[in-house]
Peer 1: 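Here it is: the structure, laid out below.
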Amino acid sequence: TPTPLNNVTLKVMNAPGDFIAPQLFPFLSVGKPSGEIYVYSKDNLRVDRAAKSDHGVSPAISSGLEKLSYSTAPFGLRTQIFDRDVAKADQPIRALLQEGTEAVAEKLRLAFEAAAYSKATTSGNYAAGHSAALVNTWDDYANGDPLGDVRTGRAKVRTAVGTFPNYMAMSATDFEVLRNHPDVLGRYLQTGGLAADLGTRQVAAVFGLLDIFVANASSNTAAEGQADALSDVWGDSAVLLYRNPSLGKRTMDFGRTLVYRNLNTRTYREERSLSTWVDTDWDYGMQWMAVDGVSSGLGTAGYLITNVHS
């Protein structure tokens with residue numbers, strides 16, 4: 001029986017850089033699986049009359065403080081390695097366990113990306129006015145108006161959180177459409193740029209942003225046993241967002257992944273099937289970090305644009 005090569009295997013897979021979920025929802029450790037986050041009102045932005053009489057007391061200020069509930073949930077996957085397969089394999093059990101661990105981790109990364117896409121591109125997750133469905137798509141180079149659409153979104157975010165969004169997220173397919181749009185190329189040339197293939201930061205600069213997060217991850221949408229069908233995990237949506245480089249007290253952000261328990265891998269025997277299970281799980285929740293109110297908890301530090309391409 002021919003022996004397979006032990007220094008090369010073939011596999012179509014997503015690279016770590018293909019995922020953008022950690023950029024949209026950076027990790028923040030929490031000590032409990034559920035709890036509350038203090039949310040200040042915008043009373044601090046009111047201009048109070050600070051004048052006082054010579055012998056009087058200073059006017060009092062108000063500072064509303066409410067609590068926003070959060071919760072996390074466990075997520076995990078496992079794979080089974082049979083003793084019989086180990087006996088037939090050329091590589092040792094340790095190599096098979098490593099393969100199983102990496103396979104489960106890859107699946108969990110893909111699931112996390114899909115969860116971030118769902119959170120960020122569901123219009124019902126945003127406050128009123130923070131989403132728009134395009135009629136003139138961006139791949140309609142005659143009528144599509146990405147500059148105007150993004151301008152509208154930037155203004156909406158600023159009226160809600162006091163600052164412009166500084167990043168945009170979209171699929172690799174939509175980024176190819178956007179960077180070749182005549183309006184984008186024309187604006188870039190007006191700034192003295194060269195008409196070459198534009199990278200993420202060049203396109204971002206056209207819109208007054210720092211960068212664009214491009215989701216390149218693919219998923220197999222075919223049912224098991226059917227012909228493979230690969231497509232973008234991210235669909236035809238673009239998200240404008242404000243990303244705070246240092247989230248802490250008295251700050252706000254687009255969102256965070258609240259992690260109660262980090263990724264943990266364990267192995268255990270199942271003697272009845274003569275096999276070893278590799279099980280990896282973690283406990284997290286994706287949370288908006290700027291909301292329209294603690295009761296609704298809808299996001300305000302982002303703006304969703306759907307129907308980006310036809």
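Quick caveat: nothing in here was measured; it's all calculated off a predicted structure.
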Peer 1: Please determine which of W288, Y167, F213 meets the ring-ring contact (aromatic ring centres under 6.0 Å, His included) test together with F254.
Peer 2: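 When ring-ring contact (aromatic ring centres under 6.0 Å, His included) is applied between F254 and each of W288, Y167, F213, only W288 qualifies.
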Peer 1: For E113 versus W234, what's the shortest heavy-atom pair and its separation?
Peer 2: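 Residues E113 and W234, closest heavy atoms: OE2-NE1, 3.2 Å.
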Peer 1: Do D283 and T72 meet the criterion of a side-chain donor-acceptor pair at a distance under 3.5 Å?
Peer 2: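 Their side chains do contain a donor-acceptor pair, which is all the 3.5 Å distance test asks for.
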Peer 1: Is the closest side-chain heavy-atom distance between V239 and Y303 below 4.5 Å?
Peer 2: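 A side-chain contact is absent here, since even the closest heavy-atom pair is not under 4.5 Å.
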Peer 1: Does the side chain of L65 come within less than 4.5 Å of Y38's, by heavy atoms?
Peer 2: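 They are in contact (side-chain heavy atoms under 4.5 Å apart), so the answer is yes.
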Peer 1: Quick one: pull up OG1 in T159 and NE2 in H130 and give me the separation to the nearest 0.5 Å.
Peer 2: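 So the OG1 of T159 and the NE2 of H130 are separated by 6.0 Å.
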Peer 1: Is there side-chain contact between T276 and L97, with at least one heavy-atom pair below 4.5 Å?
Peer 2: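 In short, these two side chains touch, coming nearer than 4.5 Å.
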Peer 1: Is there a side-chain contact between Q287 and K119 (heavy atoms, below 4.5 Å)?
Peer 2: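 No, side chains not in contact.
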Peer 1: What's the spacing between I305 CD1 and T121 OG1 if we round to 0.5 Å?
Peer 2: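 I305 atom CD1 to T121 atom OG1 measures 12.5 Å (nearest 0.5 Å).
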Peer 1: Set out, in order, the CA-CA distance, both residues' side-chain angles and the distance that settles side-chain contact (heavy atoms from CB on, under 4.5 Å) for Y141 and N180, then state yes or no.
Peer 2: CA-CA 9 Å; Y141 287 168; N180 288 294; 3.5 Å; yes
Peer 1: Y284 and F75: ring pair (Phe, Tyr, Trp, His ring centres under 6.0 Å), yes or no, with the steps?
Peer 2: CA-CA 8 Å; Y284 73 87; F75 299 88; 4.6 Å; yes
Peer 1: How far apart are the C-alpha atoms of V104 and T101, what are their side-chain angles, what is the distance that settles it, and do they pass the side-chain contact (heavy atoms from CB on, under 4.5 Å) test?
Peer 2: CA-CA 5 Å; V104 171; T101 301; over 6 Å; no
Peer 1: To the closest 0.5 Å, what do you measure between CG (D253) and CZ (R243)?
Peer 2: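 Here the interatomic distance stands at 7.0 Å.
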Peer 1: Consider only side-chain N and O atoms of T280 and T265, and report whether a donor and an acceptor are under 3.5 Å apart.
Peer 2: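 Side-chain D/A pair, T280 to T265: present.
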Peer 1: Start with the C-alpha gap between E270 and S273, add the side-chain angles, then the distance that decides, and say whether side-chain hydrogen bond (donor to acceptor under 3.5 Å, both in side chains) holds.
Peer 2: CA-CA 6 Å; E270 185 179 276; S273 62; 2.5 Å; yes
Peer 1: So, are E106 and K11 salt-bridged, with charged N and O less than 4.0 Å apart?
Peer 2: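 Yes, E106 and K11 are salt-bridged.
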Peer 1: Step by step, would you call L178 with V203 a side-chain contact (heavy atoms from CB on, under 4.5 Å)?
Peer 2: CA-CA 8 Å; L178 184 61; V203 176; 4.0 Å; yes
Peer 1: With a 4.5 Å limit on heavy-atom distance, are the side chains of V86 and I81 in contact?
Peer 2: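 Yes. Closest side-chain heavy atoms under 4.5 Å.
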Peer 1: Name the residue from D174, D149, N143, D145 that meets the side-chain hydrogen bond (donor to acceptor under 3.5 Å, both in side chains) definition with W138.
Peer 2: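 The residue from D174, D149, N143, D145 that satisfies side-chain hydrogen bond (donor to acceptor under 3.5 Å, both in side chains) with W138 turns out to be D149.
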Peer 1: Measure from NZ or CZ of R261 to the centre of the six-membered ring of W282, then state whether that distance is under 6.0 Å and the direction lies within 45° of the axis.
Peer 2: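 No, R261 does not sit over the ring of W282.
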Peer 1: Can Y188 and R179 be counted as having a side-chain donor-acceptor contact under 3.5 angstrom?
Peer 2: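 No, no side-chain donor-acceptor contact under 3.5 Å.
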Peer 1: For the pair S41 and E66, evaluate side-chain contact (heavy atoms from CB on, under 4.5 Å) and give the outcome as yes or no after the intermediate values.
Peer 2: CA-CA 8 Å; S41 71; E66 297 181 286; 5.8 Å; no
Peer 1: Would you call R256 and F27 a side-chain contact if the rule is heavy atoms closer than 4.5 Å?
Peer 2: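 They are not in side-chain contact.
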Peer 1: Closest approach of A222 and A227, non-hydrogen atoms and distance?
Peer 2: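 In terms of heavy atoms, the two residues are closest at CB-O, 3.0 Å.
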Peer 1: Step by step, work out the side-chain hydrogen bond (donor to acceptor under 3.5 Å, both in side chains) result for D292 and T300.
Peer 2: CA-CA 6 Å; D292 62 343; T300 56; over 6 Å; no
Peer 1: Between D232 and T173, does the side-chain hydrogen bond (donor to acceptor under 3.5 Å, both in side chains) criterion hold? Intermediate values first, please.
Peer 2: CA-CA 8 Å; D232 288 328; T173 298; 2.5 Å; yes
